[in-house]
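Worksheet: one structure, shown below.
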Amino acid sequence: MTTPVPSPEVSGLAARHGLGTLRAVFAPKRLSRWIYAAHLFNTLYLSLLFLVPGLLYYWWQARRHPDFSRRQSRKRLHLFEGGMVVDPPSGSGPVVLTWDSLRLQQDITQLVINGRPAPTRYVYTASAPGQGSVRITEFYEDPGTWGPWMQEAVLAAQGPAVLKTLQEGGTVPFGVLALSRAGLSAPGKGRLPWPEVEEVRVSGGLVFVTRAGDSARWSHHPVKEITNLHLFLAAVSALRGETDPLGDA
């Protein structure tokens with residue numbers, strides 16, 4: 001994480017959208033020495049043997065990394081009190097999204113290849129009505145920090161309004177699942193009343209819902225199909241009477 005002064009363009013966008021105080025800035029993640037050397041070797045080797053394949057390799061692989069591209073190295077993920085300004089890893093031009101209307105879906109994948117863990121893949125898809133959308137990945141350094149930070153920012157910004165909607169008898173969709181005072185709803189399953197909900201748990205990249213007294217899971221869905229995961233879990237906790245983490249409406 002870095003904390004430089006944002007560019008005039010970013011400062012202007014933040015002021016125009018009322019994003020408030022800058023909280024953190026994340027730069028692109030640099031390649032390890034051996035991966036950098038591998039890309040460099042492949043580019044030079046292919047260029048010496050076959051010019052066109054070498055150029056294509058550079059165009060489709062190496063130039064996507066900040067180590068080989070000044071344009072990529074200048075990109076940043078800016079997190080403000082009221083939202084974010086992010087340069088998409090792929091594409092050009094900053095995208096501005098505010099926490100109070102953000103729809104955030106996360107997909108964190110840990111692969112194991114030949115019995116050895118591979119680098120974790122982080123993909124956060126962020127969108128907001130009338131503001132656009134963007135995919136934010138481990139292209140930016142320290143995703144284990146900025147990912148949960150964004151989820152908590154959404155919880156803080158949208159929690160009171162969600163709680164009020166639920167208290168007034170409304171239904172709030174969270175991607176593939178929906179919540180209301182009457183219970184939890186899932187496609188093809190209908191509604192499960194809260195007294196019958198044994199557990200709502202996140203494990204292994206899935207969200208499990210278990211019915212009380214039933215050994216089989218009532219439903220399970222990939223985390224990436226749940227919008228605003230932390231807000232969803234906080235709303236479940238509040239509706240089950242465990243805590244009131246959403247704040248007062």
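When reading the values below, keep in mind they use all heavy atoms of this one structure, side chains included, and skip hydrogens, waters and symmetry mates. Residue numbers start at 1 and run along the sequence shown.
Two residues are said to be in side-chain contact when any heavy atoms from C-beta on lie closer than 4.5 Å; Ile108 and Val223 fail this criterion. At a threshold of 4.5 Å between non-hydrogen side-chain atoms, the residues Gln151 and Leu229 count as touching. A heavy-atom distance below 4.5 Å is not found between the side chains of Glu198 and Trp218. Residues Asp107 and Thr125 fail the side-chain proximity criterion, which asks for heavy atoms closer than 4.5 Å. With contacts defined as side-chain heavy-atom distances shorter than 4.5 Å, the pair Tyr122/Gln106 does not qualify. In this structure, Met84 and Leu102 have side chains that are in contact, with non-hydrogen atoms separated by less than 4.5 Å. Counting heavy atoms from C-beta outward, Arg191 and Ser180 have side chains that approach closer than 4.5 Å. Phe80 has its side chain out of reach of Leu13: every pair of non-hydrogen atoms, C-beta onward, lies at least 4.5 Å apart.
A distance-only check finds a donor-acceptor pair linking the side chain of Gln105 to the backbone of Lys224 [under 3.5 Å]. With Ser237 contributing its side chain and Leu233 its backbone, the two residues share no donor-acceptor pair below 3.5 Å.
Residues satisfying the side chain to side chain donor-acceptor pair (under 3.5 Å) test with Glu9, not counting sequence neighbours, are none.
Distance check, rounded to the nearest 0.5 Å: CD of Glu225 to CG of Leu206 gives 9.5 Å. To the nearest 0.5 Å, atoms CH2 (Trp149) and CG (Leu77) are separated by 9.5 Å. From His17, atom NE2 reaches atom CG of Leu97 across 9.0 Å, with rounding to the nearest 0.5 Å. Note: Leu104 CG to Leu231 CG = 10.5 Å, rounded to the nearest 0.5 Å.
Aromatic rings of Phe26 and Tyr140 (six-membered ring for Trp) have centroids beyond the 6.0 Å cut-off, not under it.
The minimum heavy-atom distance linking Glu196 with Arg211 is given by the pair OE1-NH1, 2.8 Å. Closest non-hydrogen pair, Glu81 versus Gly20, comes out as OE1-CA, 4.4 Å. Scanning all heavy atoms of the two residues, the minimum distance from Asp87 to Gly93 falls at OD1-C, 4.2 Å.
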Between Gln72 and Lys75, is a side chain to side chain donor-acceptor pair (under 3.5 Å) present by the stated rule, with each step listed? CA-CA 6 Å; Gln72 293 294 84; Lys75 292 185 175 183; 2.8 Å; yes

